[in-house]
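Below: the structure, in structure tokens.
Computed from a predicted structure; not experimentally measured. Any value given below was found using the heavy atoms of this structure, including those in side chains, with hydrogens, waters and symmetry copies removed. Along the sequence shown, the residues carry numbers beginning at 1.
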Amino acid sequence: SLTANGAVTLGGTNFTGGGSFNTSGTTTLNGSPSFNGAVTWNNSGTVDIGGGDRILMYNGAVLNNLAGGIINDTTTAASPLEGNGTPSTFVNTGNFNKNAGSAATQSFSINAFANSGSFNVNAGSFQLTSGGTDTGTYTIGAGPTLAVTAGTRSFNGTGFAGSGAL
């Protein structure tokens, strides 16, 4: 396990073989880090995904955006979270923000996504393309869209807000 309590910049870093990576400060991507195998990233800080960067999740990797955690997506990549191999999972109990500057249309290319936090589409279009269970809130700003285009989603007590299109 590796814990970073302050600011950290991740380039093309490769985390493999298991264990956990825990962040509580600001994490900036400068390249696309990969998490391969039984590796879990627990974020309770702020993660900034920008430029053409993305988080690569392979062979069962897990990203937990914990309560209080924030992920700001301004990447021009079509998929800010990209996976391959054994199912990888993104669990959001914090805040995920698709912001201006990000690709016009995005989706997660991972196998499972669960939202019990806040998922905010502030710009463009976001497509949910994997199965999952949601109990959190989706907020769609004026103009943006959120679409379920594949997978089976369970919206159990999920809140929807904003004037954008669903």
- [ ] Sort out for me which residue in Ser88, Ser79, Ser130 forms a side chain to side chain contact (heavy atoms under 4.5 Å, CB included) with Ser109.
- [x] Ser79

Open item on the list: Could you tell me if Ser24 and Asn5 have a donor-acceptor pair between their side chains, going purely by distance under 3.5 Å?
Closed with: yes

Open item on the list: Taking side chain to side chain contact (heavy atoms under 4.5 Å, CB included) as the criterion, tell me which of Asp48, Thr13, Ile55 meets it with Leu29.
Closed with: Ile55

Task: Student check: side-chain heavy atoms of Asn111 and Thr89 closer than 4.5 Å - done: no

Open item on the list: Contact between Phe21 and Leu10 at the side-chain level, heavy atoms closer than 4.5 Å - yes or no?
Closed with: yes

TODO: Report yes if the side chains of Phe119 and Asp134 come closer than 4.5 Å at any heavy-atom pair, otherwise no.
DONE: no

Open item on the list: Do Asn115 and Phe155 have side chains that approach each other closer than 4.5 Å (heavy atoms only, starting at C-beta)?
Closed with: no

- [ ] For the residue pair Phe108 and Phe126, categorise the inter-ring angle as parallel (less than 30°), tilted (30 to 60°) or perpendicular (more than 60°).
- [x] perpendicular

Open item on the list: Would the distance check show the side chain of Thr93 and the main-chain N or O of Asn65 forming a donor-acceptor pair, the cut-off being under 3.5 Å?
Closed with: yes

Task: Qualifying residue, where the test is side chain to side chain contact (heavy atoms under 4.5 Å, CB included) with Val62 and the options are Ile110, Thr40, Val39 - done: Thr40

Task: Partners meeting side-chain hydrogen bond (donor to acceptor under 3.5 Å, both in side chains) with Ser1 (sequence neighbours left out) - done: Ser20

- [ ] Can you label the angle between the Phe90 ring and the Phe113 ring as parallel, tilted or perpendicular, going by 30° and 60°?
- [x] parallel

Open item on the list: Distance alone, cut at 3.5 Å: any donor-acceptor contact between the side chains of Asn120 and Ser118?
Closed with: yes

Open item on the list: What I want to check is whether the side chains of Asn99 and Asn122 have a donor and an acceptor closer together than 3.5 Å.
Closed with: yes

TODO: Would you indicate whether the side-chain heavy atoms of Leu128 and Arg153 approach each other to under 4.5 Å?
DONE: yes

Task: Short side-chain to backbone donor-acceptor contact, Thr139 and Ala161, under 3.5 Å - done: no

TODO: May I ask you to test the Phe160-Leu166 pair for a side-chain heavy-atom distance under 4.5 Å?
DONE: yes

Open item on the list: Is it true that Ser154 and Asn156 share a donor-acceptor pair across their side chains at a distance under 3.5 Å?
Closed with: yes

TODO: Would you mind listing every salt bridge (charged side-chain N to carboxylate O under 4.0 Å, His left out) that reaches into residues 75-96, with sequence neighbours excluded?
DONE: Arg54-Glu82

TODO: Could you state whether Val91 and Ile49 fall into the same hydrophobic cluster, counting links through intermediate Ile, Leu, Val, Met, Phe, Trp or Tyr residues with side-chain heavy atoms under 4.5 angstrom apart?
DONE: no

Task: Test item: Pro80 and Gln106 side chains (from C-beta on) under 4.5 Å apart, heavy atoms - done: yes

Open item on the list: Any non-hydrogen side-chain atom of Asn43 less than 4.5 Å from a side-chain atom of Asn64?
Closed with: no

